[in-house]
Amino acid sequence: MSSHPSSSDPSGSASGSFHRLHPKVQRWVWSQGWKELRGIQEVAIAPIIGGTQDVILSASTASGKTEAAFLPICSRLAEDSGGSVRAIYIGPLKALINDQFERLDGLCEGLGIPVHRWHGDVSQGHKSRLLKSPAGILLITPESLEALFIRQGSALASLFSGLEHIVIDELHAFIGTERGCQLRSLLHRVELTLRRNVPRVGLSATLGDMPLAAEFLRPGAGEQVTLCNADSGGGELLLQLRGYRKRAPDVERLVSGEESEEGLPEDEHDVGAHLFKTLRGTHNLVFANSRRNVELYADLLRRMCEQAQLPNEFFPHHGNLSKELREEAEAALKAKQRPVNLVCTTTLEMGIDVGAVQSIAQVGVPPSVASLRQRLGRSGRKGGPAVLRLYLQEAELTKTSPLTDQLRVRLIQSVAMLELLLTNWFEPPASGAFHFSTLVQQLLSLIAQHGGVKAGEAFSALCQEGPFARVSREDFVHFLRGLGQRELLSQSSDGTLLLGRVGERIVNHYSFYAAFASVEEFRLVASGRTLGTMPIDQPLFVGTYLIFGGRRWRVLAVQSDEKVVELEPAPSGRVPMFEPASVGGVHDRVREQMRAVYAGDGVPRYLDARAQELLAEARANFQRWGLAERSIITSGREVHVFPWAGDAVAHTLALALQARGLSVETLGAVLSVEGMQSDVEGALRALVAEGPPRDEALTRHVANMALEKHDGFVPEDLLARDYAARYLDVQGAWRAAQRVLQ
DNA sequence: GGTGATCGTGCGTAGA
């Protein structure tokens, strides 16, 4: 082992937890040349090394959270790590597992602790070796753990017999999702199999609501979870919001399919020109909201490099690009040997470490304050300020401009979100769903694991004590009957639940292991090289142009059976015509803040001159329509209702008006209703008088409620309840109706 | 003069 620096010995650190680590682990720390343990590593030792507590480690990106969890865990395993798998690490991404495997292997090698990784890209040979002589640490995805339950159900108890720790990385990515629900169920089923609890450690960078995260980590006993928080606190933030005017679309040009000389409208050029000027020569991330915009800007910026006779510095990065193209881009950014900018979707919000970047650019309305915060965390490490530039386009106004353009809702929503970001508020994760789709999966998986289960046992394992605690016994019986009718289940003469004909088929296909739904995608190939995949929902013709991988292509052939599109390089690409006002579920707080921005007169210092103009226009139009005093206005044949509340309230209100025979369109912040204002007011008054509407009265008007993977098997009434819990807010809508009428 | 509405994650086995 290497030298022991005496003056800056890690054992000299303040709280002195270092000495509790195993001597070999201490030696590894010295060998790394670390002067001291990081804050989170220091505080994590005591609660984890005891081997009995559930722990959440919350600290910023690249703060050494993995080591914080595994220095104490490895200390416990250093003398003996055999007999069975002794610690499980669960990661949301294969790439993250590969990263952590490299890091952990270095630590564990000298300790004689075997480290195994297990996911879809790991060879059968490695997997069978672990099954033959299980030991040490297992790094695995939730899906592969699911596969273990189904394929190795009877061997699981011995495989995990001596399990002492379960570590969950990127905990926040699981909270409130189908995948997170699946994970909770799997963790619970591990403990049922072993007939004892196994301490859990959750790792995360951004956990706003710690009690909620703790309850997710250990359902029913969240208050007993030890919270270790070592965030350095908010550093300096440099912020700018840049406004742009977008010309009204030239219909003639759009109809004829003709494009401006450079193939793009000038508006994108303005944003692109500023991005090019400010970012080139350094390392930055550009978040562009959709894969389509990522491709658009990556292509534009690459061509600007060409024009300036520079080597390309801009690369696209999104989930449909092939692994090779993504890894090339990530490696180039991480290496920092030459200037590299990645134009990306949410792919670079979390996960693998690409190192700190100079700045973050956000093009278009951010999806949420929470994701903005996460994105910001990628810049300004090592003491420097975090830099965020937000680019926003608003349409040039004409006599017929729609109300949302007149009110500059994109700009105002972005200002509202930045204001909330500055007060340190961000959206809590979704909660309240029943997750019936994942209950289908977990029930079938439980049956496959044991070869069959009694209904009472299944209810107790999954609902009573498991993650589906909100499902009553009565509902469960109804649910089982529905699955029986659809041949997912059958029942033996002694009442044991078995897989039915359909159940057998879906469980035995590998696509069963994931809890989330996926769309059918085409593979894009150019001269034998796979560029990536793309969901294609409309017919593609030979000769069609498209942009992908940051370049322009022409379709040569479409092979529908093989789901392959063959491409050749092309000089021009199609451009999107419209940009949605916002994406995803906007929170109540954001819309309340928007109203405050409209009604106020302060001008945030981070607005550039054009953005200030647009803000002034928005406020003038807000006043002109009298929206400070009222929330219903009539324009032409449309009545506009402003509930100043989030998407759940707006959606509920729209359904309630539809239930009264009105034709309603939801445009984010505004509901547009066809008809007379008096009719709309009458409907709202009736709604207020009758009290909060019942779910069933509203979901009747929803065309498609089956949105999750196995929803098609769930009885209609249960599905409606799940839909209402996820997407509606009846109390909020009732209060909003009262406010609107005031 | 008026469309369209996000992103991302994952996978076993047999047989050639």
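Each chain gets a letter, A, B and so on, in the order the sequences are listed, and its residues count up from 1.
- No donor-acceptor contact under 3.5 angstrom links the side chains of A/Thr438 and A/Gln182, judged on distance only.
- When the P atom of B/dC7 is taken as reference, atom CD of A/Gln362 falls 13 Å away, rounded to whole Å.
- Atom C1' of nucleotide B/dC7 and atom CZ of A/Arg375 are separated by 9 Å, given to the nearest angstrom.
- Computed from coordinates, the A/Arg410 CZ to B/dT6 P distance equals 14 Å when rounded to whole Å.
- In the interface, the side chain of A/Thr400 is paired with the base of B/dG1 through a donor and an acceptor atom under 3.5 Å apart.
- In this structure, A/Glu638 atom CD and B/dG1 atom P are separated by 17 Å, rounded to whole Å.
- Between A/Arg179 and A/Glu143 there is a salt bridge, since at least one side-chain N of the basic residue sits less than 4.0 Å from a carboxylate O of the acidic one.
- Contact detail for A/Ile360 and A/Ser379: the closest heavy-atom pair is CG1-CB, 3.7 Å.
- Here the P atom of nucleotide B/dC7 and the CG atom of A/Leu348 are 15 Å apart, to the nearest Å.
- Put simply, the side chain of A/Asn508 gets close to the backbone of A/Glu504: a donor and an acceptor are under 3.5 Å apart.
- Within the nucleic acid shown, A/Pro142 has no heavy atom closer than 4.0 Å to any nucleic acid atom.
- Closest to the side chain of A/Leu93, out of B/dG8, B/dT9, B/dG1, is B/dT9.
- Between B/dT6 and A/Thr345, no contact under 4.0 Å exists linking OP1 or OP2 to a side-chain N or O.
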Could you run through nucleotides 11-16 of chain B and give me one letter per nucleotide, 5' to 3': B if any protein heavy atom sits under 4.0 Å from the base, S if only the sugar-phosphate is that close, - if neither? BBB---
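- Within the 4.5 Å cutoff, the side chain of A/Leu96 has heavy atoms near those of the A/Pro92 side chain.
- For B/dC7, the OP1/OP2 oxygens have a side-chain nitrogen or oxygen of A/Arg291 closer than 4.0 Å.
- Residue contacts for A/Arg326: at a heavy-atom cut-off of 4.0 Å it reaches the sugar-phosphate backbone alone, with no base atom in range.
- Between the side chain of A/Thr141 and the backbone N or O of A/Ser144, at least one donor-acceptor pair lies under 3.5 Å.
- In this structure, A/Asn293 places its CG atom 13 Å from P of B/dA5, rounding to the nearest Å.
- Between A/Leu372 atom CG and A/Phe426 atom CZ the span is 12.0 Å, to the nearest 0.5 Å.
- The separation between A/Phe516 atom CZ and B/dT6 atom C1' is 16 Å, rounded to whole Å.
- Separating the CG atom of A/Leu186 from the C1' atom of B/dG10 is a distance of 13 Å, rounded to the nearest angstrom.
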